[in-house]
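Here's the structure, in structure tokens; my notes come after.
Just so it is clear: chains get the letters A, B, ... in the order the sequence lines come, proteins before strands, and each one is counted from 1. These numbers come from a predicted model, not from an experiment.
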Amino acid sequence: MFTLDSRLKTDFLGSVLKTPLLLPAGVMGISASSLLYAVQSGAGIVTTKSLTLQPRKGHDGPVISPVEGGFINAMGLCNPGIEFGIKEISEFKIKSFVPVIASVFATEPEGFVKLTEFINDSEADFIELNLSCPNVSAEYGVPLSSSPVIVEEVVRAVTDISKIPVIAKLSPNVPDIKLLALAAEKGGASALCLINTLGPGMEIDINIGRPVLKNIFGGMSGPCVKPIAVKLVYEASSVVKIPIIGLGGIMTGADAVEMLMAGASIIGIGTGIYYRGMDIYRKVNNELNEFLMKKDFKHIDEIKRINIDG
Amino acid sequence: MDKRISLRIDKIVEETSSVKTFCFSSPIDALPGQFIMLSDLRTGEKPFSISSSDSNGFSVTVKALGPFSSGMFAFKTGDFLSIRGPFGKPFDLRKGSILIAGGGVGVPPLFFLARELKKAGTEVVFINGAKNSDELIFKDLINELGINQIIMTDDGSSGKKGNAAEGLLNTLNESDFDAVYVAGPEGMLKKIADIKTDTYMELLIERYMKCAVGICGQCAVDPSGIRVCVEGPVFNQNMIRKLTEFGVYKRDAAGRKKYFEKAFSK
Ligand SMILES: Cc1cc2nc3c(=O)[nH]c(=O)nc-3n(C[C@H](O)[C@H](O)[C@H](O)COP(=O)(O)OP(=O)(O)OC[C@H]3O[C@@H](n4cnc5c(N)ncnc54)[C@H](O)[C@@H]3O)c2cc1C
Ligand SMILES: Cc1cc2nc3c(=O)[nH]c(=O)nc-3n(C[C@H](O)[C@H](O)[C@H](O)COP(=O)(O)O)c2cc1C
């Protein structure tokens, strides 16, 4: 059983989380009740699906396919639109004190600014800029987070008007994550979130002779991406001072500890839900507690980013 | 469950002018109430209940409604389809005397259930409901199981006049059952879920599905957020009654609430 153990209590940008485990954008999160379900299952902070100015029904199926060690997915940013989305946030807030991150997606700074105006009138605790969706390139070209200049510009435009702290969600699909991390920090981001899905990848059905995903390509998630996520969090945290939400393939307490040692402040779990159930948050909380006890740590803060020079 | 496969259609049975059964002769490990995600890797990918499964293979029974299901009607024996699954929580098979009530394409998963119950030696009464005699499906298959079949049609063109919900209410009043299993359109399910009864009851419900593996949140239902693709699609009567959206609205592909046109009577 997960008890409200103070050892896992974590401060994140001034909010106190019962546990550093986060529900990431696009996983559940379509409604107030799906966010609540993650909270009931032991998550300490939750993120909405990435909201856009207009509703989007997303790509036709298949939108997801299992691969060795994870999934490829191209949901296509399905979401009910910002106006409906902030109503779901209010509904969630009636029922829970757990902080909510509103994830938003646009294709240029003006779109992000408009979305931020909506979020300013909402009860969201944080705004996360999805600069990194790899699954809408056919419509919009390469993700914004491919360019440090654009990342800085978008983040600055949003921080200039946002009433709440801004998180930049970065893509793993770049030659040097440090440049993007620095650009987001320079633009005024209060935190980073990485990684979004990897690749994207592709799968072909050999009997039908067609790509499996309707979108042809899809971002990879799940345990197969963890080594890359750990590496990118490690690199980003070597250059920025702002906290990092580390995610990508986290399945166990041990994985979460590894992510903290890579330099993350809090840890996201998405695809892991498939492998270990919604209960994965409760299970990982327990495993984190066990690790702390075994190490005689009084608090999760004692798990530090590794220092290989020392 | 961890794999996606593509299988050859080995047989197609025309049930009615708008319903076809697609048979695959590779076995899958499926239980009554579970579903698969079926795709041509061209038009889309949609959920369908398994309408039979044994060591020789399995089938799904499809009603032509919109782009995907109508597109299915162009497929021929020998064509390949992509299959993910089986997914979802199956019916909890009880012993004793069992009442089953199905309407429309709720009938196929219940046929699979009836066949398994019959194999286990259970006594089954099957209420098979349809709009009219032309739309009635699986009548002969159900008879071949050697169980008591009560046919209900809205216009009385076959069996008794009335819908499956009315048939169920009458049958429940006449005799005692150990469990009731129901599938069909939401209006019918809502009426049945509202019946006050001590008899154990399970209902198979539908919500818009995308990933079918419990991560995308598309089929999460209010107020608890439980996922129809994982915690369902079969729920017991108590759980259904707790779903505040049941019979009231469902979410579309974008996640917006779509209210049912007709408010279902209490
Ligand atoms: C668990 C489950 C089991 C089902 N079993 C069967 C079955 O055995 N036989 C059968 O004929 N039908 C079954 N359905 C319904 C079937 O999935 C829809 O008829 C099909 O998706 C329609 O797609 P379309 O493109 O042909 O029509 P559309 O015009 O797109 O839609 C027609 C109707 O189907 C619903 N629908 C569309 N897409 C989806 C989706 N991705 N998930 C759920 N509902 C959708 C729509 O809300 C609408 O009510 C089942 C649905 C679920 C959720
Ligand atoms: C089905 C699915 C949908 C996703 N949708 C979004 C999204 O809308 N916005 C976003 O920023 N990230 C989205 N992601 C990425 C996740 O938030 C996360 O960054 C990624 O999956 C890696 O974590 P994981 O391996 O724990 O899933 C999605 C991932 C999945 C699997």
Looking only at non-hydrogen atoms, find the nearest pair between [X] and [Y] and report the distance.
X	Y	result
B:A220	A:S34	CB-CB, 3.8 Å
B:R256	A:P80	CG-CB, 3.8 Å
A:N207	B:S6	ND2-OG, 2.7 Å
B:K257	A:F84	N-CZ, 3.7 Å
A:S31	B:D222	OG-OD1, 4.4 Å

Under 4.5 Å, counting heavy-atom pairs only, tell me which of [options] racks up the most with chain B.
options	result
A:D60, A:L213, A:V27	A:V27
A:V63, A:N79, A:I273	A:N79
A:E88, A:K49, A:M75, A:H59	A:E88

Counting only heavy atoms closer than 4.5 Å, note whether [X] contacts chain A via side chain, backbone, both or neither.
X	result
B:R251	side chain
B:Q218	both
B:R84	side chain
B:D40	backbone
B:V230	neither
B:L7	neither

Polar side chain donor-acceptor pair, B:S82 to A:D205, under 3.5 angstrom
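Short answer, no.
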Any salt bridge between A:K214 and B:E45, counting N to O under 4.0 Å?
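Answer for the salt bridge query: no.
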When you look at CZ of B:R241, are more than 12 heavy atoms from neighbouring residues, nucleotides or ligands closer to it than 6.0 Å?
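Yes, CZ of B:R241 has more than 12 neighbouring heavy atoms, counting only those of other groups under 6.0 Å.
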Using only atom types and a distance under 3.5 Å, with no angle test, would you say the side chain of B:K210 pairs donor to acceptor with the backbone of A:G58?
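No; judged by distance alone, with no hydrogens or angles, the pair does not exist.
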Backbone N or O of B:L41 within a donor-acceptor pair of the A:R210 side chain at under 3.5 Å?
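Yes; at least one donor-acceptor contact below 3.5 Å.
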Count the heavy-atom pairs under 4.5 Å between each of B:R227, B:K46, B:R8 and chain A, then report the option with the highest count.
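Heavy-atom pairs under 4.5 Å are most numerous for B:R227.
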When heavy-atom pairs shorter than 4.5 Å are enumerated against chain A, which of B:C211, B:C219, B:A254 gives the highest number?
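The answer is B:A254.
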In terms of heavy-atom proximity below 4.5 Å to chain B, should A:R56 be classed as side chain, backbone, both, or neither?
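Interface part for A:R56: backbone (N, CA, C, O).
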Which atoms of A:Q40 are under 4.5 Å from chain B, going by heavy atoms: the side chain, the backbone, both sets, or neither?
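Nothing of A:Q40, per the 4.5 Å heavy-atom cut-off to chain B.
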When rounded to the nearest 0.5 angstrom, what distance separates [atom1] in [X] from [atom2] in [Y]?
X	Y	atom1	atom2	answer
A:I208	B:D79	CD1	CG	9.0 Å
A:S65	B:K3	OG	NZ	10.5 Å
B:C216	A:Y274	SG	OH	14.0 Å

Checking side chain to side chain contact (heavy atoms under 4.5 Å, CB included) for the pair B:E231/A:Y37: CA distance, chi angles, key distance, verdict?
CA-CA 12 Å; B:E231 281 85 24; A:Y37 191 15; 2.7 Å; yes
Answer whether the closest heavy-atom distance between the side chains of B:I215 and A:M28 falls below 4.5 Å.
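When only atoms from C-beta onward are counted, A:M28 and B:I215 do not touch, as no gap falls below 4.5 Å.
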